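Since we're looking at a predicted model, the values are computed, not measured. Chain letters run A, B, ... following the sequence lines, proteins first and then strands; every chain starts at 1.
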Amino acid sequence: MCGRMVQSKSPKNLQAILNFKDNPEMSFTPRYNIAPTAEIIAVRQKEEERELSYFHWGLIPMWARDRNFSTQTFNARSETLAEKASFKEAFKRRRCLIPVDGFYEWQQGPSSKNKVPFYFQKESEEPIVFAGLWEFWRDANNPEAPPIESCTIVTTAANSFMQSFHHRMPVMLAKEDWQLWLDPNFEDIATLERLLKPRESLSISAHPVSSAVGNTRNDSPDMTKPIASQPSLF
DNA sequence: CCAGACGTTGTT
DNA sequence: GTCTGG
DNA sequence: CCAGACGTTGTT
DNA sequence: GTCTGG
């Protein structure tokens, strides 16, 4: 769950909601069809301030031999964050918020070769804020190279709305939980885990979109536009 | 003890 | 680095 | 997540 | 079928 998403709102736009510090250095390109291993923006706590920066989507633990590890860690199950070697350190000290316009999900059709992509977004114009973890990694084979900062999106059981599409969904945090999730000094695992339970009141809408979204070369606002849910027979 | 994996999704 | 399997 | 490749020898 | 690239 959650392997394709949209980040088109400018940092300036997001800053009003997420209160990170200005970073005039950062260049931003709106994207409408982001896949795992791409660079995505996320917010983390840096000392007293929040910081927005780019992260490689797919968490690379410090001990990983190569970055290819990240192809299997673009999601992290909330139920086992505290146990899994790949995530437990980041869960304790390196949590982040991942603001998105929305995300895509493929609903399984009647036959196994028949998947329909849907776009999910907030019913309001607000961004959805995913719970994420981040990590930094140095390539032992290339110590000269700059370290890579990577991240993952935490998933949970689908709520009743998402259930009709999928049995999992990304954790979408309520605004009042953002501060606690970001705080690296907060280490009460039980309290953090409570934030990751599926919430019913998410105000998410869904509509089917063009199958063109399947190909990551297609990256335009058209990807998010509704199409008729059933192809006409005549 | 050392060696080798370390992950998710979905599907069977 | 840390856990699991042998 | 989906789309697309998936191999060798030898020569440039 | 399974891995890699986007």
Side-chain angles (χ1 to χ4, degrees), chain A residues 1-7 29-41 54-94 98 100-121 128 130-140 147-148 150-158 162-172 189 196 198 206-220 222-224 227:
Chain A
M1 176 75 208
C2 208
R4 216 62 88 75
M5 64 199 198
V6 175
Q7 287 186 323
T29 309
R31 295 209 47 202
Y32 302 89
N33 192 4
I34 307 173
T37 71
E39 296 290 307
I40 63 174
I41 55 169
Y54 272 101
F55 295 81
H56 173 97
W57 182 13
L59 189 137
I60 313 171
M62 273 180 278
W63 39 259
R65 263 180 276 103
D66 56 78
R67 77 178 68 195
N68 209 38
F69 194 92
S70 73
T71 58
Q72 309 298 327
T73 50
F74 58 88
N75 286 158
R77 292 179 64 89
S78 57
E79 295 89 338
T80 50
L81 288 185
E83 305 161 16
K84 297 291 185 180
S86 295
F87 302 129
K88 62 190 303 181
E89 284 306 307
F91 182 39
K92 269 190 250 175
R93 279 182 280 281
R94 286 181 290 277
I98 303 170
V100 302
D101 299 34
F103 59 94
Y104 302 98
E105 178 57 30
W106 279 258
Q107 184 183 46
Q108 188 62 65
S111 91
S112 65
K113 259 278 174 238
N114 193 353
K115 284 187 162 185
V116 184
F118 283 75
Y119 182 59
F120 297 82
Q121 61 191 143
I128 297 172
F130 290 156
L133 306 176
W134 68 275
E135 193 54 272
F136 49 83
W137 176 79
R138 272 180 185 284
D139 188 350
I148 295 178
S150 61
C151 69
T152 186
I153 294 168
V154 179
T155 66
T156 190
M162 289 301 299
Q163 201 97 59
S164 29
F165 303 94
H166 233 282
H167 66 105
R168 305 287 296 170
M169 67 177 185
V171 172
M172 297 172 250
I189 296 300
L196 307 176
H207 60 250
V209 294
S210 163
S211 60
V213 75
N215 194 320
T216 53
R217 284 175 309 194
N218 301 319
D219 185 353
S220 85
D222 294 347
M223 299 299 106
T224 67
I227 58 156

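The two residues A:Pro198 and A:Thr156 have their closest heavy-atom pair at CD-OG1, 3.3 Å. The nearest pair of heavy atoms linking A:Phe87 to A:Asn75 is CZ-O, 3.8 Å. Between A:Thr73 and A:Thr152, the shortest heavy-atom contact is O-OG1, 2.9 Å. For the residue pair A:Phe69 and A:Ser86, the shortest heavy atom distance occurs at CZ-OG, 3.6 Å.
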Restricting to nitrogen or oxygen on both sides, can you table the protein-nucleotides 1-6 of chain B pairs closer than 3.5 Å?
residue: B:dC6; atom: O3'; partner: A:Ser86; partner atom: OG; Å: 3.1

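Distances shorter than 4.0 Å separate some side-chain N or O of A:Thr155 from OP1 or OP2 on B:dT9. Proximity of A:Gln108 to the phosphate of B:dT11: a side-chain N or O atom is located under 4.0 Å from OP1 or OP2. Within the 4.0 Å cut-off from OP1 or OP2 of B:dT8, not a single side-chain nitrogen or oxygen of A:Arg77 is found.
Atom SG of A:Cys151 and atom CZ of A:Phe74 lie 12.0 Å apart (nearest 0.5 Å).
One P atom belongs to E:dC3, the other to B:dA5, and the distance between them is 13 Å to the nearest Å. Nucleotides D:dA3 and B:dT11 are separated by 15 Å at their P atoms, to the nearest Å. When the P atom is compared between E:dG5 and D:dT8, the two are found 16 Å apart, to the nearest whole Å. The gap from the P atom of E:dT2 to that of D:dT9 amounts to 25 Å, rounded to the nearest Å. Atom name P, nucleotides D:dC1 and B:dT12: the rounded distance is 15 Å, in whole Å. For E:dG6 and B:dC2, the C1' atoms lie 39 Å apart once the distance is rounded to whole Å.
Here the range on DNA chain C touched by chain A, meaning any atom under 4.0 Å from one of its heavy atoms, is C:dG1 to C:dC3.
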(request) Using the side chain to side chain contact (heavy atoms under 4.5 Å, CB included) rule, take A:Arg4 and A:Trp106 through it: C-alpha gap first, then chi angles, then the decisive distance, then the call. (result) CA-CA 10 Å; A:Arg4 216 62 88 75; A:Trp106 279 258; 3.9 Å; yes
(request) Given side chain to side chain contact (heavy atoms under 4.5 Å, CB included), test A:Thr155 with A:Met169 step by step and report yes or no. (result) CA-CA 5 Å; A:Thr155 66; A:Met169 67 177 185; over 6 Å; no
(request) Could you walk me through whether A:Trp57 and A:Ile153 pass the side chain to side chain contact (heavy atoms under 4.5 Å, CB included) test, one step at a time? (result) CA-CA 8 Å; A:Trp57 182 13; A:Ile153 294 168; 3.6 Å; yes
Residues 206-217 of chain A side chain polar contacts: donor-acceptor under 3.5 Å, at least two apart:
residue: A:His207; atom: NE2; partner: A:Thr224; partner atom: O; Å: 2.6
residue: A:Ser210; atom: OG; partner: A:Ala212; partner atom: N; Å: 2.9
residue: A:Asn215; atom: OD1; partner: A:Arg217; partner atom: N; Å: 3.0
residue: A:Asn215; atom: OD1; partner: A:Arg217; partner atom: NE; Å: 3.3

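Applying the salt bridge (Lys or Arg N to Asp or Glu O under 4.0 Å) rule to A:Asp66 yields no partners; only residues at least two apart in sequence or on another chain are considered. With sequence neighbours excluded, the residues that form a salt bridge (Lys or Arg N to Asp or Glu O under 4.0 Å) with A:Arg168 are A:Glu79.
Annotated stems with DNA chain B as a participant read B:1-6 with C:1-6, given as range with range, by first number; only runs of 3 or more Watson-Crick or G-U pairs under 3.5 Å qualify.
In this structure, the CH2 atom of A:Trp57 is 12 Å from the P atom of B:dT9, given to the nearest Å.
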